[in-house]
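Whatever order the structure lists ligands and atoms in, that order sets their numbers, starting from 1. We count residues from 1, following the sequence as given. Any value given below was found using the heavy atoms of this structure, including those in side chains, with hydrogens, waters and symmetry copies removed.
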Amino acid sequence: ELPSPEPSDKKTIIKAIRKIIDENRVKTNKVVVSVSGSSINVRYLKMPKMPEEELTEAIKWEVKKYITMDPKEAIMDHLVLREVMEEGVKKVEVVVAAAPRGLIQDRISLIQGAGLIPLAVDVTSFALWRSIKINDDETAVLIDIGAGITNINIVEKEILHFSRDISLAGNDLTSAISEELNLDFHQAERMKKEEGLSLEKETPVTKAMRGPLERLVVEFERSFRYFLAQTPGRKIDRIILFGGSARLKGIDKYLNSSLGIPAGLCNPLVDIEFDEEAFDRRHLEDLGPRMAVAFGLAKREANS
Ligand SMILES: Nc1ncnc2c1ncn2[C@@H]1O[C@H](COP(=O)(O)OP(=O)(O)OP(=O)(O)O)[C@@H](O)[C@H]1O
Ligand SMILES: [Mg+2]
């Protein structure tokens with residue numbers, strides 16, 4: 001989270017990364033980074049089962065039809081999710097991620113600029129998904145509400161089925177408070193964090209945030225409808241909230257009552273062991289929603 005809503009230049013970002021690494025006395029210099037946003041394409045394909053190298057080539061051809069960028073400019077990778085039988089033919093379900101080369105290169109040059117070594121580039125949704133434990137018999141919606149972007153993911157039977165970014169998040173709540181109550185951005189930001197949402201009686205801060213929150217709910221409903229329409233009999237069991245704006249007081253209750261689905265904060269610490277002498281559990285739990293992507297990215301390397 002950068003301290004202001006303005007887009008920052010490369011130097012500022014590199015300095016901010018370096019500062020975080022130094023201040024927290026991070027011992028490693030190896031980094032896994034993720035990308036997100038509408039220029040990242042995530043597609044699901046069913047392909048005949050074949051050897052891995054052939055599959056890679058076949059996917060490249062197939063996915064060309066579905067991506068929104070010039071295939072020559074795309075960096076692609078895939079993951080085999082599971083094997084399925086279809087009309088007597090063994091097939092594999094794969095998820096393919098494609099990103100514009102320039103975006104990946106920019107991200108890597110930020111890491112290298114800060115004197116760090118990039119190990120891998122992942123997709124933010126995948127990191128979120130990996131950061132927590134979801135039972136294989138439930139359908140969960142993972143919602144990351146950040147500063148500029150809200151990212152919605154739907155996981156069913158341990159597979160990520162749906163992923164979408166909306167440019168509406170914490171900064172929009174702050175801007176609305178700033179406009180309604182005539183405060184500057186920083187004052188509004190403080191009010192937002194101190195007061196949060198109150199459902200019982202409508203405070204001025206709550207009233208100011210109503211517009212952007214209602215628009216978010218409309219977008220969530222739209223995504224749910226799209227997902228549910230794919231297969232009859234589907235339902236969504238719960239909503240798990242991530243990102244800094246998940247810490248907005250009362251947001252879980254608000255979403256629960258407006259969407260009619262139980263909503264709660266993520267706890268990415270559930271299956272992570274740590275030295276309780278060196279790290280304060282309460283502090284880590286408080287950071288949890290903002291750190292979920294980082295935990296998910298770190299797990300990727302720890303597991304491989
Ligand atoms: N206690 C809190 N109450 C309400 N909002 C909060 C609180 N703490 C942080 N936020 C909001 O969380 C947002 C930052 O979240 P996060 O760190 O997840 O963003 P980001 O990942 O940098 O942004 P993005 O994902 O949009 O690029 C800011 O809008 C900030 O105001
Ligand atoms: Mg984020």
Side-chain angles (χ1 to χ4, degrees), residues 1-8 12-17 19-20 24 32-40 99 103 106-107 110 121-132 142-153 163-179 181 183-199 203 205-206 208-213 215-216 219 240-255 263 265-268 282-298:
E1 179 190 349
L2 291 162
S4 80
E6 289 86 38
S8 304
T12 314
I13 299 174
I14 289 176
K15 249 173 60 197
I17 298 174
K19 190 162 163 246
I20 292 168
N24 292 285
V32 184
V33 66
S34 70
V35 289
S36 60
S38 54
S39 63
I40 312 297
L103 181 75
D106 281 353
R107 220 29 83 90
L110 288 177
V121 181
D122 203 343
V123 179
T124 305
S125 306
F126 295 170
L128 268 195
W129 172 33
R130 208 182 295 116
S131 76
I132 50 160
L142 281 47
I143 301 180
D144 179 339
I145 316 178
I149 290 187
T150 295
N151 167 245
I152 310 177
N153 304 283
S163 202
R164 184 171 162 233
D165 282 336
I166 304 164
S167 313
L168 181 67
N171 282 342
D172 300 279
L173 300 177
T174 306
S175 299
I177 296 171
S178 143
E179 273 163 38
L181 306 183
L183 302 168
D184 72 29
F185 192 87
H186 291 279
Q187 291 169 318
E189 180 77 5
R190 207 176 49 236
M191 288 282 268
K192 175 178 83 172
K193 289 182 181 168
E194 274 170 20
E195 289 199 22
L197 258 177
S198 100
L199 298 179
T203 62
V205 169
T206 301
M209 291 191 288
R210 169 166 286 185
L213 283 172
R215 272 185 281 142
L216 262 187
E219 293 301 330
I240 309 168
L241 297 169
F242 299 80
S245 303
R247 293 157 77 219
L248 180 73
K249 283 177 209 136
I251 184 120
D252 47 350
K253 289 201 193 76
Y254 173 78
L255 292 177
L265 267 189
C266 68
N267 181 7
R282 284 264 307 280
H283 178 61
L284 281 186
E285 275 172 1
D286 192 44
L287 282 177
R290 289 166 72 191
M291 296 281 284
V293 172
F295 283 144
L297 290 175

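Residues Y254 and L199 share a closest heavy-atom pair of N-CD1, 3.9 Å. Nearest heavy atoms, A263 versus L255: CB-CB, 4.3 Å.
Close approach of ligand 1 to L248 (heavy-atom distance below 4.0 Å) involves ligand atoms 3 (N), 4 (C). Ligand-side atoms of ligand 1 in range of E189: 30 (C), 31 (O), range being under 4.0 angstrom from any heavy atom. If you number the atoms of ligand 1 from 1 as listed, the ones under 4.0 Å from a heavy atom of G243 come out as 18 (O). Taking a cut-off of under 4.0 Å to the non-hydrogen atoms of I149, the atoms of ligand 1 that pass are 26 (O). Residue N171 has at least one heavy-atom neighbour below 4.0 Å for each of these atoms of ligand 1: 29 (O). Heavy-atom contacts of G170 reach the following atoms of ligand 1: 29 (O) (cutoff under 4.0 Å).
For a threshold of 3.5 Å applied to N or O pairs, the pair formed by K193 and ligand 1 contains no separation below that value. Checked by distance only, ligand 1 and R247 come closer than 3.5 Å through their nitrogen or oxygen atoms. Taking only nitrogen or oxygen atoms, main chain and side chain alike, G148 reaches within less than 3.5 Å of ligand 1.
Atoms NZ and NZ, from K193 and K249 in turn, are 11.0 Å apart once rounded to the nearest 0.5 Å. Once rounded to the nearest 0.5 Å, the distance linking OG1 of T203 with CE of M209 reads 6.5 Å.
Assignment of S245 to the shell around ligand 1 is supported, since a heavy atom sits closer than 4.0 Å.
Side chain of Q187 to backbone of D184: a donor-acceptor contact under 3.5 angstrom is found.
A search for side chain to side chain donor-acceptor pair (under 3.5 Å) contacts involving T174 returns E189, K192, not counting sequence neighbours.
If you run side-chain hydrogen bond (donor to acceptor under 3.5 Å, both in side chains) between N151 and each of D144, D165, T124, only D165 comes through.
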